[in-house]
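Everything on this sheet refers to the single structure shown next.
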Amino acid sequence: MIEKMKFLSITGPKTDIDRVVNTYLSKYEIHLENALSELTAVESLSPFMEINPYKEALTVANSFYEELADPEQISVKSAPDTEQALNTIRRIQSDYQELSNTRTDLESQLAALDESLRVIRPFRNINYNLSSILKFQFIHFRFGRIEKEYYQKFEKYIYENLDTIFIKCDEDDQYIWGVYFVPEHEAQKVKAVYSSMHFERIYMPDTYEGTAKSAFEQLTQKRNRTAADLASADQKKADFLLRNREDIVASRNAIAQLSGNFDVRRLAACTHGDKDVFYILCGWMTEKDAHSFQADIKDDSRIFCIIDGEEDEHLKPGVHQQPPTKLKNPKLFKPFEMYIKMYGLPAYNEMDPTWFVALTYSFIFGAMFGDVGQGLLLFIGGFLLYKFKHITLAGIISCAGVFSTFFGFMFGSIFGFEDVIPALWLRPMNNMMTVPFIGKLNTVFIIAIGFGMGIILLCMVFNILNAWKAGDIEHIWFDTNSVAGLVFYGSAVISIALILTGHTLPGGIVLFIMFGVPLILIFLKEPLTALIEKKSKVMPKEKGMFIVQGLFEMFEVLLSYFSNTLSFVRIGAFAVSHAAMMEVVLMLAGAESGNLNWVVVVLGNLFVCGMEGLIVGIQVLRLEYYEMFSRFYKGTGRKFEPFRSVK
């Protein structure tokens, strides 16, 4: 159901707004609206116009708060005042910044050392002073790497005929690392040859001392020391946050409360009295909270509240927005609100279909997935996940599992075995019935279509009720899902029922009234609506186009009635396919030979439970959205988003 809302206008001295927010509004859920936009009947309104001075401090406090482990579990002994909270956050920020700067420096040093090690690692086996090599004047040299494929060609065909020495230092699956030397006067020619072999030069910094091996070892030791210092810096930061966790939480909460008050001021307006300036806040509360709030402030002379503007015309709100929607459903139906929110929240004057979705979704899922054993698994598994992990979808699965278990008894199926328990109703694969003009057809298909017809008729009734609340003439009387559509489709259902039961249809005049009159009303819905609403323009100027368009729309209407009805055949189809899939699983497990492979039975049940459960869940949701919701539900509501001050 949708909670009944009341629109409140709250006013008092401008300087008293923080006290009101902290003392009263923090205790109730109120969806605040912009007072300037809503209170159009109030003259000489101006915005509150104050910049939030706590926004920056709150950002800093939140950054520390988010680094704490389970900050909600940290108890605070006493709440600091404004100055204490701000000074505490400034102190913590200053001390923490020093620790962060130290860590940043160490991180930069570690990155530089890692880069140096990366460069020298392949050449660490050169047993010669690197600085001496780097100072050669008459011998040209290059450090680098070459792909193995090219190195083998170079070594086999070129190396012996070239005035160069290549010292191999390291290798992996793809590359050979090394350094080559060549006389200075041959450098350009030899360099061109190496380039043709895809030799990639590696620049060696001149900061290394001693042999490559000793330089590598020194760098490794220095890198390890820096990494240890970095870990120590991280630990110091963690210890610092741990020591100051209570101060962080207390200060953050205090600043958040102050900042929240200024967020309220953004939505407030000011009006000038004879001597003082007054604030005005307005918003939505549930009817229960609104009356509790009014009772709470009745002895407070510095605050005045009007509910729905009934008491004072001067502060009567010109409400421009529809009330926000707050859903309130029993715990059993609560998980199904997820599907409603996915489609769109109901408007305030619209029916909340949560209970309808909960019942129809669970029932249809059970009919399509009827198995006692698998249904119990879904029920128990979903219930445990919902209770301990609070997964909304798990709550839906648990409810659907109950109906799967129920239909499992009706179909006589438990983990795919259909000879263990008797079918209390029928077995989907075997039960057939004769249909006039068609012949033999599976019983569950006929029942599924009949069920779908009943659901479509019910959705039309819902649409009429919603349209009645909204005062929408067209959707009450002349729409495809209105009274006209209900009479037409209901007549079709009655006629089909008469044919199936062997009765004769009514006379031609009655059939015309049953079918012809509703279609004519649907065809003329726009001019008839305009006529009832007493609009000046009843018929469109281009009457020919109106007739052509109307004929196409009528064809689409008839086609949609037919296709929507047939869409419910999937309920029976999945009931049959589930039994067929489990029959295949048992066949693979060797049920026919009498020697069951229980591993195959277990794995097959898990596979069918997971895969078919997912497919059935999606198919049922499709029926809900496209065959049911599209007939009566718009989902144009806006969410109730309460302001609640942090305590």
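N22 approaches S26 most closely through the heavy-atom pair O-OG, 2.7 Å. L130 and A212 make their closest contact through CD1-CA, 3.8 Å (heavy atoms, listed as atom of the first residue, atom of the second, distance). Counting all heavy atoms, side chain and backbone alike, H578 lies closest to M368 at CB-O, 4.0 Å. Scanning all heavy atoms of the two residues, the minimum distance from G178 to C169 falls at CA-SG, 3.9 Å.
Summarising the local packing, NZ of K213 is surrounded by 12 or fewer heavy atoms from other residues, nucleotides or ligands at distances under 6.0 Å. Within a 6.0 Å sphere centred on CD of E583, heavy atoms belonging to other residues, nucleotides or ligands number 12 at most. Annotation: N127, atom CG; neighbour count of heavy atoms from other residues, nucleotides and ligands within 6.0 Å does not exceed 12. Counted within 6.0 Å of CZ on F607, heavy atoms from surrounding residues, nucleotides or ligands total 12 or fewer; the atom is thus considered open. No more than 12 heavy atoms of other residues, nucleotides or ligands lie within 6.0 Å of NZ in K387, so this atom counts as exposed by the packing criterion. Counting non-hydrogen atoms of other residues, nucleotides and ligands closer than 6.0 Å to CG of L384 gives a total above 12. Within a 6.0 Å radius of CD in E246, more than 12 heavy atoms belonging to other residues, nucleotides or ligands are found. Within 6.0 Å of the NZ atom in K237, the count of heavy atoms belonging to other residues, nucleotides or ligands exceeds 12.
If you take CD on E418 and CG on L586, they are separated by 8.5 Å, rounding to the nearest 0.5 Å. Rounding to the nearest 0.5 Å places CG of D170 at 10.5 Å from CD1 of I126. Remark: M204 CE to L134 CG distance equals 7.0 Å, nearest 0.5 Å. One distance of note links OG of S259 with CD of E56; it measures 11.5 Å at 0.5 Å rounding. The CG atom of L345 sits 8.0 Å away from atom NZ of K639, with the distance rounded to the nearest 0.5 Å.
Between the side chains of Y343 and Y625, not a single donor N or O lies within less than 3.5 Å of an accepting N or O. D247 and T88 form no side-chain donor-acceptor contact under 3.5 Å, judged by distance and modelled atom types alone. Looking only at atom types and distance, the side chain of Q235 has a donor-acceptor partner in the side chain of D239 under 3.5 Å away. Checking D105 against Q109 by side-chain atom types alone, no donor-acceptor pair falls below 3.5 Å. A donor-acceptor contact closer than 3.5 angstrom is absent between the side chains of T354 and E337.
Side-chain contact check for L327 versus F640: every heavy-atom pair is 4.5 Å or farther apart. Using a 4.5 Å heavy-atom threshold, the side chains of V420 and F417 count as touching. Looking at heavy atoms from C-beta onward, R638 lies in side-chain contact with H31 at the 4.5 angstrom threshold. Looking at S94 and R90, their side chains never come closer than 4.5 Å, going by heavy atoms from C-beta outward. When side chains are defined from C-beta on, K168 counts as touching Y151, because their heavy atoms get closer than 4.5 Å. Residues L162 and V193 form a side-chain contact, since some pair of their non-hydrogen atoms from C-beta on lies under 4.5 Å apart. Under the 4.5 Å side-chain criterion, counting only non-hydrogen atoms from C-beta, F336 is in contact with C399. With contacts defined as side-chain heavy-atom distances shorter than 4.5 Å, the pair L377/F415 qualifies.
Each of Q97, Q93, R91 was checked for a side chain to side chain contact (heavy atoms under 4.5 Å, CB included) with D95, and the lone residue meeting it is R91.
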Practice task
Please test Y96 against E67 for side-chain hydrogen bond (donor to acceptor under 3.5 Å, both in side chains), starting from the C-alpha separation and ending with a verdict.
Solution key: CA-CA 12 Å; Y96 192 78; E67 290 193 45; 2.9 Å; yes
Exercise for the section: Starting from the C-alpha separation in whole Å, work towards a yes-or-no answer on salt bridge (Lys or Arg N to Asp or Glu O under 4.0 Å) for E217 and R124. Expected result: CA-CA 9 Å; E217 290 174 351; R124 62 187 181 278; over 6 Å; no
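Figure legend: R243 and F240 shown without cation-pi pairing, the cationic atom not lying both under 6.0 angstrom from the six-membered ring centre and within 45 degrees of its axis. For R142 and Y180, the positive end is not near the middle of the six-membered ring at less than 6.0 Å and at most 45° from its axis.
Using bins of under 30°, 30° to 60° and over 60° for the plane-to-plane angle, the ring pair H198/Y150 lands in the tilted bin. The aromatic rings of F369 and F365 are tilted relative to each other, their planes meeting at an angle between 30° and 60°. Using cut-offs of 30° and 60° for the angle between ring planes, the F181 and F136 rings count as tilted. F411 and F407 have tilted rings, their planes meeting at an angle from 30° to 60° on a 0 to 90° scale.
For residues 600-610, the side-chain hydrogen bond (donor to acceptor under 3.5 Å, both in side chains) pairs, not counting sequence neighbours, are Q374-N605.
The six-membered or imidazole ring of Y194 lies near that of F154, with a centre-to-centre distance under 6.0 Å. The ring of F166 has its center no closer than 6.0 angstrom to the ring center of Y159.
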